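Note on naming: letters A, B, ... go to the chains in the order of the sequence lines (proteins, then strands), and numbering restarts at 1 for each one. All values derive from a computational prediction rather than experimental measurement.
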Protein chains: 2
Amino acid sequence: MAQLSTASGIPVATIKYYLREGLLPAGERSGPNQALYGPEHLRRLRVIRGLLEVGGLSIAAAHQVIDAIDSDLGLSHTFDIAQRTVSPQIDLAALSPEAVAQVDTVLSGWHVSPDNPGRLAAARVLQTFAELGQPDLSGWVPGYAAAALAVAEADLDEVDARSDRESKTEMVVVGTVLGDALFAALRRAAQEHVSSRRYPAPPNP
Amino acid sequence: MAQLSTASGIPVATIKYYLREGLLPAGERSGPNQALYGPEHLRRLRVIRGLLEVGGLSIAAAHQVIDAIDSDLGLSHTFDIAQRTVSPQIDLAALSPEAVAQVDTVLSGWHVSPDNPGRLAAARVLQTFAELGQPDLSGWVPGYAAAALAVAEADLDEVDARSDRESKTEMVVVGTVLGDALFAALRRAAQEHVSSRRYPAPPNP
DNA sequence: ACTATCGGATAGTGTTGCTGTCTATAGTTT
DNA sequence: AAACTATAGACAGCAACACTATCCGATAGT
């Protein structure tokens with residue numbers, strides 16, 4: 001276990017904690033107080049840290065998506081679990097009908113089930129804007145939808161590019177979680193790029 | 001204050017907490033133990049709840065971006081504060097040069113400063129993929145970059161569409177925070193749409 | 001005069017993600 | 001064989017966070 005700790009850079013106490021929480025499978029027992037850990041444990045640890053640190057998931061959420069990787073349920077079901085895990089729980093009754101209608105307008109032509117977590121989350125965001133007196137976002141949101149469609153195509157392409165089923169499953173889960181972080185990061189960079197192109201000389205205070 | 005509480009749906013104790021933390025400016029004092037709260041307080045409360053619940057910010061982070069709204073520092077500076085607040089702090093020394101180079105390839109042609117928070121965060125994500133043995137993302141990431149560019153254009157368009165400076169500032173801050181959530185939500189919906197189009201009949205277990 | 005409410009201060013709560021300590025045992029070195 | 005180190009497993013403790021509850025003295029409205 002000391003090796004596992006030094007190889008991963010994670011303290012022994014933390015590894016024990018992940019074992020306790022069921023995030024990491026126990027090592028192969030070689031005695032009452034001895035266990036052997038293989039490369040798959042190291043890999044799993046890296047998945048865990050990626051989900052927690054980069055993806056910002058909680059321990060409980062990471063547990064769910066890791067279970068989704070381990071169980072073989074078919075890709076669409078795995079997608080569903082991953083999506084629900086990373087999305088906020090939203091009560092449909094708490095949403096204004098206007099916001100929901102607004103989202104459905106944007107999503108018109110898409111085949112999306114009514115309880116898709118993204119649909120509800122998007123409605124929540126639009127409702128927040130509406131409460132802040134920004135009712136007309138018709139110039140803004142469609143651009144987001146078009147970009148989201150392009151990204152989703154890229155996501156599915158990448159999953160298709162994986163050869164074996166296990167690799168596909170992992171790409172579904174990890175891609176769902178880390179894809180959010182990746183896009184947000186690239187948006188920051190793109191904002192600086194576009195901003196500097198539009199306003200060449202930033203005003204000096 | 002009771003009115004403010006019922007109007008916003010936020011418990012009095014919580015409003016007091018926000019006052020203590022400096023998120024909400026004090027009401028206009030009308031006596032040693034009396035204060036008046038106006039519509040601007042209600043609006044501010046809605047901003048706070050949006051940042052915390054929808055944007056997922058911490059109290060400290062919300063404080064920073066709210067200060068950015070209040071101070072008038074020029075749009076590019078406000079953008080910078082908002083970006084740094086919502087981005088994870090990443091130590092450049094902890095990043096592998098390969099991951100950084102990979103990001104810079106994707107960002108080639110963009111005018112992005114070396115310490116742009118998005119550049120570092122994107123490198124962190126790519127490094128995580130590399131550690132998981134997914135080295136070749138050249139079919140995936142460029143699509144993200146193109147989409148991010150389109151979204152950034154839409155963001156700046158929307159800021160430009162605001163007339164007064166204060167409204168622009170608020171759109172910069174709120175748009176930066178809630179835009180992430182909006183895009184992530186629409187990506188979920190788009191994934192279901194694309195997935196159902198590509199694999200019409202999900203396998204029944 | 002009386003009662004409800006106010007602002008302000010202080011302390012307490014539940015959750016989360018670890019971290020430190022302890023014990024009994026097992027391997028390893030001398 | 002004795003000394004030493006490392007291990008698994010259980011348990012308690014801790015710091016940060018976002019509230020929440022209680023108390024207090026003063027005052028506004030009736």
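- Following rounding to the nearest Å, A:His63 (NE2) and C:dC18 (C1') show an atom-to-atom distance of 17 Å.
- Rounded to an integer number of Å, the gap from B:Met1 CE to D:dT27 P is 18 Å.
- Closest non-hydrogen pair, A:Leu186 versus B:Ala145, comes out as CD1-N, 3.8 Å.
- Across all strands shown, B:Ala2 has heavy atoms under 4.0 Å from sugar-phosphate atoms exclusively, and none from any base.
- Not counting sequence neighbours, the partners of B:Glu53 by the side chain to side chain contact (heavy atoms under 4.5 Å, CB included) test are A:Arg124, B:Arg49.
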Which side-chain N or O atoms in residues 175-182 of chain B pair as donor and acceptor under 3.5 Å with protein atoms at least two apart or in another chain?
| unit_1 | atom_1 | unit_2 | atom_2 | d |
| --- | --- | --- | --- | --- |
| B:Thr176 | OG1 | B:Val172 | O | 2.6 |
| B:Asp180 | OD1 | A:Arg187 | NE | 3.3 |
| B:Asp180 | OD1 | A:Arg187 | NH2 | 3.1 |
| B:Asp180 | OD1 | A:Arg188 | NH2 | 3.4 |
| B:Asp180 | OD2 | A:Arg188 | NH2 | 2.2 |

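- Residues passing the side-chain hydrogen bond (donor to acceptor under 3.5 Å, both in side chains) test with A:Trp110, sequence neighbours excluded: none.
- Computed from coordinates, the A:Leu19 CG to D:dG9 P distance equals 8 Å when rounded to whole Å.
- Partners of B:Asn33 under the side chain to side chain contact (heavy atoms under 4.5 Å, CB included) rule, at least two apart in sequence or in another chain, do not exist in this structure.
- Aromatic ring orientation, B:Phe183 versus A:Phe183: parallel (interplanar angle below 30°, classes split at 30° and 60°).
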Mark up nucleotides 10-20 of chain D, 5' to 3', with B wherever a protein heavy atom is under 4.0 angstrom from a base atom, S wherever such an atom reaches only the sugar-phosphate, and - elsewhere. -B------BBB
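- Here C:dG7 presents its C1' atom at 7 Å from OH of B:Tyr37, a figure rounded to the nearest Å.
- Listed by first then second residue, pairs satisfying ring-ring contact (aromatic ring centres under 6.0 Å, His included) with a partner in residues 3-29 of chain A number zero, not counting sequence neighbours.
- Atom-to-atom, CG of B:Leu4 to C1' of C:dG7 comes out at 14 Å; the value is rounded to the nearest Å.
- Between the CD1 atom of B:Ile15 and the C1' atom of C:dT5 there is a distance of 15 Å, rounded to whole Å.
- Residues that satisfy the side-chain hydrogen bond (donor to acceptor under 3.5 Å, both in side chains) test with B:Asp70, not counting sequence neighbours, are B:Arg44.
- C:dG8 atom C1' lies 9 Å from atom CZ of B:Arg29, rounded to whole Å.
- Per the geometry, CD belonging to B:Gln3 stands 12 Å off P belonging to C:dT5, to the nearest Å.
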What's touching nucleotides 24-27 of chain C from the protein side, N or O pairs under 3.5 Å?
| unit_1 | atom_1 | unit_2 | atom_2 | d |
| --- | --- | --- | --- | --- |
| C:dT25 | O2 | A:Asn33 | ND2 | 2.6 |
| C:dA26 | O4' | A:Asn33 | OD1 | 3.0 |
| C:dA26 | O4' | A:Asn33 | ND2 | 2.9 |

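- Sequence neighbours left out, not one pair with a member in residues 49-69 of chain B passes ring-ring contact (aromatic ring centres under 6.0 Å, His included).
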